[in-house]
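Below is one structure, written out as structure tokens; comments come after it.
Hydrogens, waters and symmetry mates are skipped; everything else that's a heavy atom, side chains included, is used. Whatever order the structure lists ligands and atoms in, that order sets their numbers, starting from 1. Computed from a prediction, not measured in an experiment: that's the story for all the values here.
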Amino acid sequence: MHKLLARQLKRSKVDDSFAQEYSDIVSRISDAYEQNEREINILERTLFITSNELNERNDLLKKQLNELSDTQQQLEHSISVLNATFDAIGEQITVLDLQGNVVSANKMARSFFKHFNLNAFNYFGQVDTIIKKGNKSTHIIAQLKKDPTQSLSGEFESIDNKHYSYRSLPQLKNGKLIGRVFCIRDISVEKQHKEIIHFQAYHDALTGLANRQLFMDRLEHSLALARRDNSMTALLFLDLDNFKRINDTEGHKGGDELLIKVVERIQQRLRKQDTLARLGGDEFVILIELVKSKNSIEVLCEALLETINSEFIINGRPQYVSSSIGISMFPKDGNTPDTLISNADMAMYDAKNNGKNSYSFYHSKLEAHAREQMEIERKLRKAIDNEELEIYLQPKIGLRCKQIVGAEVLMRWFTDSGEPIPPDIFIPIAESTGLIKKIGAFAIDSAISQLEQWHKNGFPPLQLAVNLSIIEFQDESFIDYIIEKISKSSIRGEQLIIELTESIFMENKEKMSKIMHKLKRYGVAFALDDFGKGYSSFSYLQLLPIDYLKIDKSFLQNVITDEQSDAIAKCIIDIGHNLGLAIIAEGIEDQETLDYVSKANCEMAQGFYMYRPMPCEAFTNLLRDKYNKVGGL
Ligand code: C2E
Ligand code: CA
Ligand code: CA
């Protein structure tokens with residue numbers, strides 16, 4: 001019997017007879033109790049299992065919930081990073097749906113909308129309104145309507161004059177078009193920088209004028225038009241004559257100031273359509289289109305020469321420059337920009353040779369002349385290398401002692417065929433090509449070794465005068481070369497005279513004076529050659545340590561017949577003497593002139609009448625004869 005039933009029966013004080021009597025029922029009740037107990041057991045176990053499962057599930061859910069919360073946090077973080085990045089991008093990014101409504105826009109895009117008062121707008125409907133009319137990109141939307149799947153890119157200018165670049169890509173989902181993304185970038189500053197760089201590449205930094213490259217482009221273009229219209233174009237090549245002097249005296253800043261002022265003056269004389277460009281330094285070119293006549297160019301050149309030759313105030317001081325202009329005309333003087341420029345350049349040199357402050361038109365003879373000059377230059381280089389140059393000596397006579405007191409060293413060049421090329425031809429070429437330094441060194445070497453030879457042979461000390469051009473004289477290394485030569489030789493510095501022309505007055509006074517004093521410390525003397533021919537400044541004479549004044553032969557050759565030459569010569573001699581200078585009269589061709597200069601108290605004379613320039617050997621023989629005559633050597 002089920003234990004619980006047994007206990008209940010016992011508690012009920014039911015006796016055994018009752019149990020036996022109802023044993024069948026009791027047994028069934030007992031079975032029912034057992035059955036019930038089994039079921040309770042099963043139920044309990046089931047409950048136990050379910051509860052465990054539930055706990056596990058619960059744990060899992062809790063875990064998943066935690067994970068979800070983590071993921072959400074990560075997601076929020078990612079979104080905030082994404083949003084920050086989206087906003088930080090320097091481009092506007094706008095995402096649109098298929099109808100063109102803004103789905104999302106970054107900060108740049110939002111402020112762009114705000115700037116143009118396009119709040120919550122339909123992109124497609126309004127984007128065209130902010131693009132400047134006439135701009136190619138005004139048709140962006142029309143293009144998109146034609147083919148909504150295409151990618152677009154380009155630039156546009158907004159109605160408030162800003163420049164933008166844009167890119168637009170379709171947005172696809174599973175291959176299906178769902179919208180479009182626009183990226184727009186403000187490129188105004190970039191464009192401005194590009195424009196500045198472009199400007200700098202084609203313009204001169206100092207004056208803001210077109211540079212060579214831009215000028216060549218314009219010239220090319222202009223020639224094409226002139227060819228089409230059968231019109232005439234002029235090309236002016238303008239070079240300042242003594243710009244270097246301003247640079248030296250007023251410094252580079254002063255030089256720059258002058259160039260800017262020159263440009264202003266030139267521009268005032270030009271028409272709007274004319275092009276002025278700076279090729280560099282003090283070189284300018286001017287393009288004049290639709291030229292009516294040669295005369296109109298002449299008038300312009302005269303005006304340019306005059307305006308440039310008028311007073312400038314630089315660093316508060318008055319300054320003067322002049323200019324030389326060469327002109328070539330299209331189609332007459334050339335068909336290409338290069339030929340026209342090179343022919344105008346050639347004509348400019350012709351203007352310089354004609355005494356500067358003038359203009360010259362290109363003509364074919366100039367080319368022949370230039371070719372000839374180049375040929376001479378080529379031959380001269382060879383002649384220097386092959387030692388074909390030689391010095392001649394022209395005696396100088398002391399007018400009191402009536403003796404040869406020295407000689408002037410004059411360069412001679414006899415070509416292979418024995419043909420003499422005069423120094424007036426080859427010296428200027430040597431000066432313009434730099435060859436003059438070699439010639440100068442040769443003259444110094446030859447003079448010193450000649451003086452040494454005479455010294456060795458027991459001749460009384462004579463003086464030799466060497467001509468140096470300003471180009472050599474400005475070169476410090478050449479000055480050091482002369483000093484070294486003197487120091488290493490047996491001659492005294494006093495035996496060397498350097499003849500310089502008035503061109504030294506055009507240079508920086510302080511620099512000239514420094515160089516001259518440097519040489520003076522070694523005894524070297526200075527003669528001012530051809531005085532009266534050019535600048536003739538007595539005030540400069542006082543500033544520089546000059547010992548001799550050579551009156552230009554053009555005065556002396558006319559002193560007997562021409563009153564004016566007579567007056568000038570006397571005046572120069574007087575002032576020279578008052579300044580403590582010894583006067584050398586050169587170019588004496590007759591007895592009358594010799595008498596004249598003797599009477600005028602010139603110290604020395606030189607001229608064909610007494611002696612022509614002669615080879616060193618002839619001069620030495622001459623000395624030997626003279627000294628033999630007076631019982632010398
Ligand atoms: P310059 O220095 O004035 O030289 C004097 C020129 O006058 C020489 O010409 C000489 O031959 C010439 N002469 C001398 N006496 C008379 C005369 O009575 N009547 C005439 N009509 N002429 C006379 P040259 O030798 O032809 O030299 C010409 C110029 O070339 C020189 O003029 C000088 O400026 C330059 N030169 C000559 N040799 C040299 C040199 O070695 N270096 C440099 N830098 N220049 C030189
Ligand atoms: Ca001379
Ligand atoms: Ca002379």
Side-chain angles (χ1 to χ4, degrees), residues 376 380 383-384 387-397 404 406-414 420-448 450 463-475 478 482 496-504 525-536 546-560 565 569 572 576 583-594 596-597 602 604-616 618-619:
I376 295 177
L380 183 60
I384 293 171
E387 297 179 354
E388 278 172 29
L389 296 187
E390 180 184 346
I391 60 163
Y392 267 38
L393 301 176
Q394 185 179 33
K396 279 184 193 165
I397 313 295
I404 294 174
E408 177 173 5
V409 175
L410 294 161
M411 202 53 66
R412 291 293 176 264
W413 174 20
F414 298 97
I421 299 182
D424 288 336
I425 300 281
F426 73 83
I427 293 290
I429 295 175
E431 283 176 341
S432 66
T433 54
L435 287 172
I436 195 70
K437 285 183 191 165
K438 288 191 174 174
I439 295 181
F442 175 68
I444 293 282
D445 290 354
S446 310
I448 291 179
Q450 184 59 75
Q463 276 187 321
L464 282 185
V466 174
N467 292 287
L468 290 187
S469 56
I470 189 69
I471 299 163
E472 308 164 81
F473 201 66
Q474 276 181 332
D475 181 355
F478 186 68
I482 301 175
L496 194 66
I497 300 177
I498 289 176
E499 291 197 6
L500 297 165
T501 63
E502 289 163 322
S503 56
I504 53 165
F526 292 99
L528 192 62
D529 208 355
D530 305 338
F531 191 76
K533 200 171 160 186
Y535 206 69
S536 309
I546 292 163
D547 309 275
Y548 302 95
L549 204 60
K550 290 186 90 170
I551 311 175
D552 189 57
K553 52 182 176 287
S554 59
F555 294 116
L556 296 178
Q557 275 159 354
N558 295 320
V559 279
I560 309 296
S565 293
I572 292 177
I583 313 288
I584 303 172
E586 70 172 348
I588 308 292
E589 291 187 353
D590 50 48
Q591 184 63 50
E592 286 91 338
T593 316
L594 183 60
Y596 175 94
V597 296
C602 289
M604 280 175 249
Q606 181 186 344
F608 290 172
Y609 180 63
M610 291 82 80
Y611 300 101
R612 284 187 175 256
M614 59 186 83
C616 293
F619 186 84

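Of all the atoms in ligand 1, the ones that sit under 4.0 Å from a non-hydrogen atom of Gln557 are 19 (N), 20 (C), 21 (N). Taking every heavy atom of Gln394 and a limit of under 4.0 angstrom, the matching atoms of ligand 1 come to 14 (C), 15 (N).
When non-hydrogen atoms are compared, ligand 1 lies under 4.0 Å from neither the backbone nor the side chain of Lys550. Only the backbone of Ile588 comes within contact range of ligand 1, with a heavy atom under 4.0 Å; no side-chain atom does.
The nearest protein atom to atom 32 (O) of ligand 1, hydrogens excluded, is given as Asp529 OD2, 4.8 Å; this is a heavy-atom distance. What sits closest to atom 31 (C) of ligand 1 on the protein, heavy atoms only, is Leu410 CD2, 4.4 Å. Of the protein's non-hydrogen atoms, the one nearest atom 19 (N) of ligand 1 is Glu589 OE2, 2.5 Å. Among all non-hydrogen protein atoms, the one lying nearest atom 38 (N) of ligand 1 is Met411 N, 3.1 Å. Regarding atom 29 (C) of ligand 1, its nearest protein heavy-atom neighbour is Asp424 OD1, 3.4 Å. Among protein heavy atoms, the minimum distance from atom 3 (O) of ligand 1 is reached at Asp530 OD1, 3.3 Å.
Looking only at distances, no side-chain donor or acceptor of Thr593 sits under 3.5 Å from a matching main-chain atom of Glu589. When atom types are taken as modelled, the side chain of Gln394 and the backbone of Tyr611 share a donor-acceptor pair closer than 3.5 angstrom. The main-chain N or O of Phe531 is never found under 3.5 Å from a side-chain atom of Glu502 such that the two would form a donor-acceptor pair. In this structure a side-chain-to-backbone donor-acceptor pair under 3.5 Å is present from Asn558 to Ser554.
Among the heteroatoms counted here (N, O or S) of Asp529, OD2 is the one nearest to the Ca ion (ligand 2). The atom name of the N/O/S atom in Glu499 closest to the Ca ion (ligand 2) is OE1. Taking the N/O/S atoms of Glu586 in turn, the shortest distance to the Ca ion (ligand 3) belongs to OE2.
The closest non-hydrogen atom to atom 42 (N) of ligand 1, taken over Ile470, Ile471, Thr501, Asn467, comes from Asn467.
Checking only distances, Glu408 does come within under 3.5 Å of ligand 1, N or O to N or O. Of the polar atoms of Lys553, at least one N or O is found under 3.5 Å from an N or O of ligand 1, judged by distance alone. Considering backbone and side-chain atoms alike, Pro423 places every N or O at 3.5 Å or more from each N or O of ligand 1. Polar contact with ligand 1: present for Phe608 (N/O pair, distance under 3.5 Å).
Metal site remark for the Ca ion (ligand 2): Glu408 contributes an N, O or S atom at a distance under 3.0 Å. The Ca ion (ligand 3) has an N, O or S atom of Asp530 inside 3.0 Å of it. Residue contact annotation: Asn467 places an N/O/S atom under 3.0 Å from the Ca ion (ligand 2).
The CD1 atom of Ile391 lies 7.0 Å from the CE atom of Met411; values are rounded to the nearest 0.5 Å.
Between Arg412 and ligand 1 there is a heavy-atom distance shorter than 4.0 Å. Heavy atoms of Glu431 stay at 4.0 angstrom or farther from ligand 1. Note on ligand 1: Gln606 sits outside its first shell, no heavy atom being nearer than 4.0 Å. Ligand 1 is approached by Pro613 to a heavy-atom distance shorter than 4.0 Å.
Under the side chain to side chain contact (heavy atoms under 4.5 Å, CB included) rule, Arg412 has a single partner from Pro420, Pro615, Pro613, which is Pro613.
Ring geometry for Phe526 against Phe473 counts as perpendicular: the plane angle is over 60°, on a 0 to 90° scale with 30° as the lower cut.
Within a 4.0 Å radius of atom 9 (O) of ligand 1, the protein contributes no heavy atom.
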Checklist line | side chain to side chain contact (heavy atoms under 4.5 Å, CB included) assessment of Leu468 paired with Ile482 | finding: CA-CA 11 Å; Leu468 290 187; Ile482 301 175; 3.9 Å; yes

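With no hydrogens or angles considered, a side-chain donor-acceptor pair links Gln606 and Lys550 at under 3.5 Å.
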